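These notes are about the structure you will find just below.
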Amino acid sequence: MSEPAAARSEEPEEAGDAVLRTENLRKTFGGLTATDDVTMEVERGTITGMIGPNGAGKSTFFNLVSGFYEPDGGSVVVNGEETTGMDPHEVTEHGLVRTFQTPRKLEGMTVREAMLVGPQRQLGESVIPLFTQPDAVAAEERQNLQRAEELLERFEITHLADQPATDISGGQLKLVELARAMLAEPDLLLLDEPVAGVNPTLANKLKAIIRELHEDGITFLIIEHDMGFIMDLADPIVVLNQGAVLMEGSPDEVKNDDRVVEAYLGGGGGD
Amino acid sequence: MADDSHEPEDDIEPEGADDGSSAEAGGNGPGGSRSAFEGGVDTSQRRVERLTNYGIAAAAVALLAGVLVGLVSPTYLLFLVSLAGMYALLSLGLNVQWGYAGLINFSVAAFFGLGAYVPALLSASGSPLPWDVSPIAGLFVAVAATVVLALAIGIPTLSLREDYLAIASLGLAEVLRLVVRNQQSWTNGTNGIGGIPLFFEGVPVLGTFASDVGTVDLGIYTLGYQFWNGLLNFAIVAGFVVVSYVVLRRVHRSPWGRVLRTIRSDEDLAEALGKNTYAFRMQAFVLGSVVAMLAGVYYSYSNYFITPGIFDPIFTFYAWIAVILGGSGSNRGALFGGVVIVAIVEGSRGLGVGASWRLFAVGALIIAVMRFRPQGVLPPRKELIWPGAHRGGETDE
Amino acid sequence: MLATLVAQPSGGVVAGAALAPGLAVGGLDYVPQLLNYFVNGLVFSAIIVLGGIGLSLVYSIADFANFAHGDTMTVGAYAGLVTLGAVGTAGPQLLALPLGFYAALLAGIAAAAVVAVATHYFIYRPLDTDSIGLLITSIGVAFVYRAVVQLQFGTDFTEYDVAVLRPVPWIEAATGITITEHELAIVLVAAVLVAALHVVLQYTTLGRTMRATADNEDLAKVSGIRTERVITSMWVIGAGLAGAGGVFLGLYNQLGPRMGFDLLLVIFAAVILGGIGSVYGAMLGGVVIGMVNRLTPVLSDVGLPIEPAYANAIAFVIMVFVLLVRPTGIAGEGVS
């Protein structure tokens with residue numbers, strides 16, 4: 001598995017079952033290359049980790065595959081369909097949902113309401129049915145509410161439901177975000193530093209929850225700086241450096257790879 | 001979407017920098033309404049609401065007493081209440097755009113003017129255009145024209161950054177104002193349009209109601225044509241307000257409204273959760289514009305004569321102060337704001353102080369609200385979940 | 001109304017010429033006409049540039065769209081009016097303007113600066129809000145400025161007590177261009193002020209820190225630049241230039257309580273065209289928008305059905321177009 005990523009991309013398309021595949025993905029900002037030629041796959045049913053020194057291009061990569069940045073070159077394929085250049089909400093419709101490193105808090109909403117933004121294609125999100133089929137909207141809303149409360153219960157944060165979404169802690173917000181993302185029923189969940197700034201107890205809880213969701217069939221791609229966390233959770237792990245895939249392999253392979261050590265110690269920008 | 005505000009570049013965020021508190025950095029949404037929700041629990045909010053209710057009740061009692069002792073004529077009272085309804089329509093419409101979706105729309109006056117001009121052009125005897133459409137049909141044409149104008153302004157501007165949207169929408173509204181002023185052959189320009197019929201002209205019973213009823217002598221007052229006609233105008237604007245309020249109340253606490261409120265707080269988050277934010281913003285813009293336009297329709301049919309002065313940006317800013325004062329995102333706040341605007345506009349007239357003091361009052365009020373109560377007097381309350389879906393039953397607002 | 005400027009040009013030169021029917025377009029006799037539009041545009045540009053610099057500075061350093069900026073110009077214009085009344089018009093003249101007028105100009109600059117700094121300290125700074133909240137507050141500030149002017153001076157138009165001039169004869173004889181000494185004074189003084197600003201921005205510590213703050217306020221804070229002092233200087237410079245612009249607008253046109261507010265969007269158009277936050281961009285945008293504004297009669301001269309009354313509308317359409325396709329403006333980004 002420690003073969004260079006470039007070799008992997010030469011595999012025929014139907015080989016393996018990739019939820020996400022990028023080819024030669026490239027993005028520059030005013031002459032600065034943030035992501036240069038990233039070719040990689042996230043295989044269905046994995047928890048794939050993504051690490052790399054600061055400035056390696058991880059967040060840019062997330063923004064590219066989730067549609068927030070338009071790539072300057074290359075392609076993104078989600079669930080077998082090309083999503084290159086699509087708007088973020090269109091990418092989400094293809095089954096890829098992302099979270100943010102520093103989520104903003106939704107003002108004037110309770111945690112319960114904030115959760116209810118998650119479900120996709122809600123009838124009540126169109127204006128006309130609100131007047132023509134109010135009962136159907138109510139039934140749908142009741143169902144979503146129930147799912148939301150089940151998830152809150154599963155994440156052991158039921159007590160937060162009535163809290164204003166602006167009043168919960170950063171760590172709790174990460175849990176709520178994850179729970180809300182689940183309501184969108186993703187195939188692939190992109191988590192951007194899920195445990196950054198989260199206390200160790202909560203981090204362990206997050207880890208357990210991610211494992212549980214993984215067993216339910218969700219594929220994960222996780223950016224994380226916390227090495228202990230990601231090495232314990234993810235396999236395989238993709239290492240980005242200077243905007244390109246440096247290597248991909250199991251946690252042990254990554255740990256023992258000289259190039260990785262060098263990237264972190266060397267020109268990575270002082271992690 | 002390309003300019004996202006979460007991670008402008010790459011991994012610049014130092015590790016551990018984002019603990020719980022940093023998530024609040026920049027998260028207070030537009031317009032300083034950060035404490036909008038705290039009202040749900042604190043008692044000072046209840047006190048403010050109680051005071052507001054007392055204030056409104058006192059004003060109502062004073063006006064009614066004024067009628068009883070002969071200081072305020074019933075016709076004038078009707079006019080005042082109707083005018084409050086008109087401003088309430090402007091603020092209810094803007095509230096959909098700014099309060100729900102966070103759109104800084106400075107083109108409210110354009111839709112107010114459009115609502116006045118389209119029916120007038122179609123049905124007034126003084127219109128330079130040849131058609132003679134019934135006023136009620138004119139209302140529907142005005143709705144269609146509003147949708148067209150809202151798309152024309154919205155398509156180029158709604159993808160802009162919030163402060164650019166403010167400037168661009170004001171600019172496009174000014175373009176429309178200049179067109180109405182200068183295209184003599186279409187609009188009569190600054191001469192205005194006279195001979196606007198009554199809204200119910202040609203309608204059985206209602207069309208001749210005001211002259212049929214005749215005069216009723218009440219001792220201190222004689223209720224004549226003016227009064228009955230005022231009553232009909234009041235009925236029109238009241239109808240508009242009630243329908244708008246009911247519609248907006250429903251959409252506000254629907255999943256649709258929830259998406260808009262998410263967009264207002266964090267547009268990127270809404271996109272990441274699969275919501276087509278541009279489409280939602282556009283819907284909010286069009287819906288709000290139609291509501292604001294209704295104010296113009298009322299104005300047109302309750303006045304014999306209109307001029308391009310109705311496109312003056314001051315009407316946009318009246319709507320803004322009403323929404324901010326009432327509480328961004330709050331429908332009842334928008335109603336309240338409409339009443340306050342009338343109190344300022346007509347009150348200054350009643351006290352005999354001029355337009356300058358009125359302008360001063362409006363300006364000072366904006367500053368005072370932003371300084372001391374940025375969430376407004378009556379911010380939205382509690383959580384908004386579709387009625388009947390919640391175990392807890394009814395919710396407010 | 002915004003159309004006032006175009007509807008009532010004080011000189012009467014441009015409008016009179018534009019209304020003359022049957023101009024031989026493309027013929028040689030149109031050249032002086034065109035030159036006149038340009039020169040008139042230059043005068044108008046000078047006023048827009050003076051307004052635009054401050055708007056741009058506030059946008060980049062205080063980080064909000066200041067809707068009170070136009071009314072700051074009005075404050076300057078009326079402070080000049082009061083001063084001219086007090087000082088009188090006796091004594092020697094420079095460019096057909098009495099020394100008293102130059103005193104009025106200084107008073108206009110000072111008054112606008114003082115009012116803006118006071119507004120910053122008493123209104124904007126205590127606010128606990130973001131740039132949108134400041135934008136909305138600035139509308140309230142604009143109304144208060146205008147209301148105070150109206151309460152003091154009424155709503156009627158008025159003029160500075162200086163003689164209305166004929167165009168300078170020898171320039172007209174030599175080139176066919178009609179420009180009054182007053183208009184020459186506007187362009188020259190504006191050029192001096194802009195040059196002075198350039199020197200301040202490029203060659204003084206204050207200027208360098210202002211540019212740094214404009215580029216990145218956080219960085220400026222971290223690197224020990226005292227931003228509060230920079231912000232105060234920014235208000236002094238921006239509002240002072242706006243005050244000068246207001247006095248010149250009063251001289252060029254006439255004075256009215258809405259004079260500044262009606263020009264605000266045109267100035268916004270210039271600032272956006274030049275690139276928001278870029279002082280030099282604002283200057284460039286001001287020249288372009290001023291020119292376009294005064295060249296609008298060419299459109300009807302060549303037979304297009306767009307009347308000079310649409311001069312501002314054209315500026316607004318350009319503004320929206322720039323926002324859509326190139327929000328950084330024609331001059332790129334940043335002050336430096």
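What you are looking at is a predicted structure, and each value in this text was computed from that prediction instead of being measured. The sequence lines fix the lettering, A, B, ..., with proteins before strands; numbering per chain opens at 1.
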Which answer fits [X], side chain, backbone, both or neither, if we ask what part of it has an atom under 4.5 Å from a heavy atom of chain B?
X: C:I272; result: side chain
X: C:L151; result: both
X: C:F67; result: side chain
X: C:Y59; result: side chain

- Under 6.0 Å from the OH atom of C:Y121, do we count more than 12 heavy atoms belonging to anything else shown? yes
Any non-hydrogen side-chain atom of [X] less than 4.5 Å from a side-chain atom of [Y]?
X: C:R146; Y: B:L359; answer: yes
X: B:D163; Y: C:F64; answer: no
X: B:Y164; Y: C:V320; answer: no
X: C:L127; Y: B:R371; answer: yes
X: C:F122; Y: B:I367; answer: no
X: C:F316; Y: B:L170; answer: no

Atom pair [atom1] ([X]) and [atom2] ([Y]), whose distance is rounded to the nearest 0.5 Å:
X: C:L323; Y: B:L165; atom1: CG; atom2: CG; result: 10.0 Å
X: C:I306; Y: B:N182; atom1: CD1; atom2: CG; result: 12.0 Å
X: B:I104; Y: C:I136; atom1: CD1; atom2: CD1; result: 6.0 Å
X: C:S131; Y: B:R161; atom1: OG; atom2: CZ; result: 7.0 Å
X: C:M319; Y: B:L172; atom1: CE; atom2: CG; result: 7.0 Å

For [X], is it the side chain, the backbone, both, or neither that has a heavy atom closer than 4.5 Å to a heavy atom of chain C?
X: B:I324; result: side chain
X: B:I167; result: both
X: B:L176; result: neither
X: B:F106; result: side chain
X: B:V369; result: neither

- Looking at B:F360, B:Y318, B:F317, which hits ring pair (Phe, Tyr, Trp, His ring centres under 6.0 Å) with C:F143?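 The passing option is B:F317.
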- Item | Shortest non-hydrogen contact from B:S159 toward C:L324 |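 So the two residues come closest at OG-CD2, 4.4 Å.
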- Considering all heavy atoms of both residues, which atom of C:Q150 and which atom of B:S356 are nearest to each other, and what is their separation? OE1-OG, 2.9 Å
Distance-only check: which donor-acceptor pairs under 3.5 Å involve side-chain atoms of residues 151-158 of chain B, not counting sequence neighbours?
residue, atom, partner, partner atom, Å
B:T157, OG1, B:I153, O, 2.6

- Message: Run C:N312 and B:E174 through side-chain contact (heavy atoms from CB on, under 4.5 Å) and show every step you take.
- Response: CA-CA 9 Å; C:N312 289 344; B:E174 281 296 306; over 6 Å; no
- Item | Pairs satisfying salt bridge (Lys or Arg N to Asp or Glu O under 4.0 Å), at least one member in residues 315-324 of chain C, at least two apart | none
- Item | side-chain contact (heavy atoms from CB on, under 4.5 Å) evaluation trace for C:Y310 with B:V175 | CA-CA 8 Å; C:Y310 285 113; B:V175 171; over 6 Å; no
